[in-house]
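Contents: one structure, followed by commentary.
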Number of protein chains: 4
Amino acid sequence: MLSGKACRLGGRLRSCFETPSARLFISSSNMAKSKFEYVRNFETDDTCLRNCYIVVRLDGRNFHKFAEQHKFTKPNDNRALGLMSRSARSVMEELEDIVIAYGQSDEYSFVFKRTSTWFKRRASKLMTHVASQFSSSYVFYWKEFFGDQPLLYPPGFDGRVVLYPSNRNLRDYLSWRQADCHINNLYNTVFWTLVLKGGLTTAQAEDRLKGTLAADKNEILFTEFDINYNNESALHRKGTALIWEKREETTTKRMKLPNEEEKEVPITRSRRRVEAYHCDIIGDQFWEEHPDILEDDNC
Amino acid sequence: MLSGKACRLGGRLRSCFETPSARLFISSSNMAKSKFEYVRNFETDDTCLRNCYIVVRLDGRNFHKFAEQHKFTKPNDNRALGLMSRSARSVMEELEDIVIAYGQSDEYSFVFKRTSTWFKRRASKLMTHVASQFSSSYVFYWKEFFGDQPLLYPPGFDGRVVLYPSNRNLRDYLSWRQADCHINNLYNTVFWTLVLKGGLTTAQAEDRLKGTLAADKNEILFTEFDINYNNESALHRKGTALIWEKREETTTKRMKLPNEEEKEVPITRSRRRVEAYHCDIIGDQFWEEHPDILEDDNC
Amino acid sequence: MLSGKACRLGGRLRSCFETPSARLFISSSNMAKSKFEYVRNFETDDTCLRNCYIVVRLDGRNFHKFAEQHKFTKPNDNRALGLMSRSARSVMEELEDIVIAYGQSDEYSFVFKRTSTWFKRRASKLMTHVASQFSSSYVFYWKEFFGDQPLLYPPGFDGRVVLYPSNRNLRDYLSWRQADCHINNLYNTVFWTLVLKGGLTTAQAEDRLKGTLAADKNEILFTEFDINYNNESALHRKGTALIWEKREETTTKRMKLPNEEEKEVPITRSRRRVEAYHCDIIGDQFWEEHPDILEDDNC
Amino acid sequence: MLSGKACRLGGRLRSCFETPSARLFISSSNMAKSKFEYVRNFETDDTCLRNCYIVVRLDGRNFHKFAEQHKFTKPNDNRALGLMSRSARSVMEELEDIVIAYGQSDEYSFVFKRTSTWFKRRASKLMTHVASQFSSSYVFYWKEFFGDQPLLYPPGFDGRVVLYPSNRNLRDYLSWRQADCHINNLYNTVFWTLVLKGGLTTAQAEDRLKGTLAADKNEILFTEFDINYNNESALHRKGTALIWEKREETTTKRMKLPNEEEKEVPITRSRRRVEAYHCDIIGDQFWEEHPDILEDDNC
């Protein structure tokens, strides 16, 4: 616990209350505050350029160590991935205007629509709020994914903001992150297969993979371990894309209409909710199937 | 839970594994990634100007509602204030180079020393990491302060970065925040005394205080409720300043020295730890008593 | 002229040359410089976001006074407008990647193509070079437009940089400037017609125009002075757009081909040169007729 | 000259005047403008951090070639240096709040006082105005320094803004520029002495100087050419510092006092003017002799 110590001699503010000049002081406290208010002018305006997509990306801090200490399974821990996406969903539900989020490993990217005026487009507010909401959610929902296994300490994430002026640029950003997911997951899959099933030490596995291309890695999996990488979990190979979808929801309500008996009446309403996809977002198909995510370029 | 849906038709990446061109694809995945990597050049450099104090301030999002829902006591809830300071301490212990933090109500300011090179002084990294560590700590330590009362949802904080070139500017910033604490706490103290002890409605109390100066508020407390505001809790009147202090710590260890019996030997070592102060930081005394917080201006 | 004064006592650097330690000093002058070089790290990176049009706009400083002192004709001085466009052409010929410039009154806007890497897209370099080249050209070409009328003092311009992510945004920017030209020129045309032909004082003319709409102004010109505003000079009504155009240029060269007499041979080559347009750039026609100015949005 | 071409078919704006809908259009021209005005929001705020010195440095563009073409004398051309300082003085007289300027070779640095609010401290305005005023002055005053030798084309300068939070940082910046002047001028002096007096080719001179320290260069000058570098022109060795100085100026005016004959009366008044110094500004002496240049750090 914090140890609260009183000032040894008492500060100027405090002691003046004990003297006849106390009232003098008090009546001038607003004046005192206004004397300091000039410091507000040192804040800089970091408004994001209009008509650009605003991307906030979070990365786990020291997650290698965090994964060790919390015994994450190798090469992927579904509980950890689930918790990341649960936290990302919490961010999307809290902040308006996020049209898509993409996550893999210990990172998550959030894309605000180009016309968003959320937080007046102030970069610092956008990224700190995302980082904060994500982090508090990570601890809050831990138990849903890890059950009785305790969280040993509060984890940290850092973030950044990047702007993309065109749909092409934004899609290339997301493609870049998914290509990264693919490369890392293929490597990790082979690496841990060599270690866990092939009996190699981690040093031997590292050695074995030095200089190999993706094709070589695929070959090792297939010929030595009878694993078709393509049949591995889409969650691991593709990461997770979260988008908003409208659904019709039908509930019933007990109502009494005129000249009728009271009865159950079905009520259908359209609700927006966050859906998760584990599929390719590099090609055109995903975007053709979800035309509402991106806005027109020439606006 | 997130609902994971497989892509209906499968993305381009996935399907190509099922064809003879799979290897072709795989061997070019690194190439594919490098094709997208140009998007990194859209990141902007937000390095903080050298030789300036870097202040990160966090503010609670919708904490009025959060306080209501978690039944915070009025006008101050010591559990909530304690949790804020506990989370701030977690930030100080995690991030290097924070020389002082000051908090009151639902806000906390963190001051990095002017020569800090933490995160290469990148503003976005500094503020998101502070926001993240603070928020995850807030949830993590909730139980220490609120016991069995459950946290209903993960709270959010937003942040900003401000630079101060001189010691005077930095001290005026902290003075501004403490003057704000004073003004708000005096108002809230009188307001809730009028309501809780004086039997006024909140509307009546608001009316009663309209246009009053600090002196008037002090007078109301003293003449009507026999309360000397100056005797109220320093934690509430002054907020909390966290600084690093060196302490001698003496422990004992069982040792066996040559030609002696094994015995308890006292071991003293100097340890840096975070200490909390609830005192005036506007005047010179606090700064004279802690000369290590600020660096020389002309460096 | 500047009066150069020697330091009264001589600086440290100078005097040390006169002592035996001179060589010590000299051999350490590189070291001395490197000791100061840390100050370079105070420069900030102001790279313009990629894939956006970069617009640099210049505005004359105190040109109202400058126009008075150099007896510019009212409401428009063709010499002054010609000099502005001549200076703008000098900028376009000096800096690569400007695809269009638009000027009116004492302002000129320069548009760099979205993929430009000129000056590594550093905003400060781009705008200062434009401001500098424009200003030196203004003085340099003064005589071409004002003949023997002397330039009384060196004029100043200030500038700014604005980024536009889409073709629509850029065209709207240029439309905004041309709409401004139209509104000002209509006002000025009526105002000075009332004064110069109608015999009103400037105060009376101002009064007469207070609250009038464009239609009213047009009406005054037509019914009272028999002027059809639409027949006024396009240069004044539309301002000036400068763009690059390819032209075939045919010159002749005296050559001796084998087995022939020496003779004049026509040589045709394609040359890019700056052309000026005084036409509407708000509608689509201008852009359809010059499809090379803008690049595709989705790149 | 610019070739002004009319649009072939006339733009939308123009042609509508010829139809009955002309008035409709005209009355909506203000509306049209306001439709485009959203583009102003794309401007970013580039206000300089308060309480920091603002340094604008200009550098000549391609001045190596410019010097060749205008036959500047080697290693220093006093006319060119004089013109640089004359232009710098013009900048100081035009822009408020410049407390010192320092120039050498084809560069000049201008220092705005830390409390300056000129142009609301907007970086883009400050640097473009300095670049513009300097460049137009360079052409304007050319004749004063180069007489009948014509200026062949308008020269260009580029600029940048750097902020310095403390007096130490600012002085180190200026020291860095003067150390640069010293190193370059020593090199150039020896190099051109070897060429012009020693009969070496430029390649030979370059070779001879490769790897030499300052002491070696000084030695060459002294033993081979009997030149004491320290006796070389201070203008070349130290560059030029321009500062404001107050002077008493006494003039006489013919006045008639009561009960006296009309007579010449001396009138003394204090005037601020720009003075040039060619002395060491690295050591303390210059700053002690001119205590008004810098403001106190802790303000």
Side-chain angles (χ1 to χ4, degrees), chain A residues 2-5 7 11-14 17 23 26-27 29 32-33 36-37 39 42-43 85 90 124-125 127-129 131-133 135-140 154-162 164 172-173 175-176 179-180 182-183 213-215 218 230 234 275-280 282-283 285, chain B residues 2-7 11-14 17 23 26-27 29 32-33 36-37 39 42-43 85 90 124-125 127-129 131-133 135-140 154-164 172-173 175-176 179 182-183 213-215 218 230 275-280 282-283 285:
Chain A
L2 289 166
S3 70
K5 289 202 293 189
C7 281
R12 195 168 61 185
L13 261 175
R14 189 191 317 173
F17 279 97
R23 285 185 205 161
I26 295 167
S27 62
S29 60
K33 191 185 166 194
F36 301 129
E37 258 165 355
V39 297
F42 287 68
E43 289 194 35
S85 288
S90 165
S124 55
K125 298 284 193 157
M127 65 181 138
T128 53
H129 192 192
S132 167
Q133 196 68 42
S135 304
S136 64
S137 299
Y138 195 94
V139 180
F140 189 83
F157 296 83
D158 65 62
R160 75 194 75 197
V161 159
V162 199
Y164 291 108
D172 285 349
Y173 170 79
S175 297
W176 176 49
D180 185 76
H182 171 69
I183 288 168
L213 301 177
N218 221 43
N230 191 42
E275 297 286 348
Y277 283 82
H278 313 297
C279 66
D280 172 59
I282 297 178
Q285 186 181 329
Chain B
L2 289 166
S3 70
K5 288 200 292 189
C7 280
R12 196 170 60 184
L13 261 175
R14 190 191 316 175
F17 279 98
R23 283 186 206 158
I26 294 167
S27 63
S29 61
K33 191 186 166 194
F36 302 129
E37 257 166 355
V39 298
F42 286 69
E43 289 194 35
S85 289
S90 165
S124 55
K125 298 285 194 157
M127 65 181 138
T128 52
H129 193 191
S132 167
Q133 196 68 44
S135 303
S136 64
S137 300
Y138 195 94
V139 180
F140 190 83
F157 296 84
D158 64 61
R160 75 193 76 196
V161 158
V162 198
L163 302 179
Y164 291 108
D172 285 349
Y173 170 79
S175 296
W176 176 49
H182 171 69
I183 288 168
L213 301 177
N218 222 43
N230 190 44
E275 298 286 347
Y277 284 82
H278 313 297
C279 66
D280 172 59
I282 297 178
Q285 186 182 328

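Chain naming here is simple, since letters A, B, ... match the order of the sequence lines and numbering starts at 1 in each.
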Original post:
Hey, mind stepping through A:K33 and B:W176 against side chain to side chain contact (heavy atoms under 4.5 Å, CB included) and telling me if it holds?
Top reply: CA-CA 6 Å; A:K33 191 185 166 194; B:W176 176 49; 3.6 Å; yes

Subject >> Smallest separation among heavy atoms of B:T128 and A:G159, with atom names >> reply: OG1-N, 2.7 Å

Original post:
Could you state the interatomic distance from CG (A:D158) to NZ (B:K125), rounded to the nearest 0.5 Å?
Top reply: 3.5 Å

Original post:
Is B:Y164 reaching over with its side chain to a backbone N or O of A:F42, donor-acceptor style, under 3.5 angstrom?
Top reply: no

Original post:
Can you find a side-chain donor-acceptor pair between A:S135 and B:S135 that sits under 3.5 Å?
Top reply: no

Original post:
Of the backbone (N, CA, C, O) and the side chain (C-beta and beyond), which part of B:Y138 lies under 4.5 Å from a heavy atom of chain A, both, or neither?
Top reply: neither

Subject >> Nearest non-hydrogen partners of A:Y173 and B:V39, listed with the distance >> reply: N-CG1, 3.7 Å

Original post:
What part of B:S137 is in contact with chain A, defined as an atom under 4.5 angstrom from a non-hydrogen atom: side chain, backbone, both or neither?
Top reply: both

Subject >> Between B:P155, B:P154, B:S175, the one whose heavy-atom pairs under 4.5 Å with chain A are most numerous >> reply: B:P154

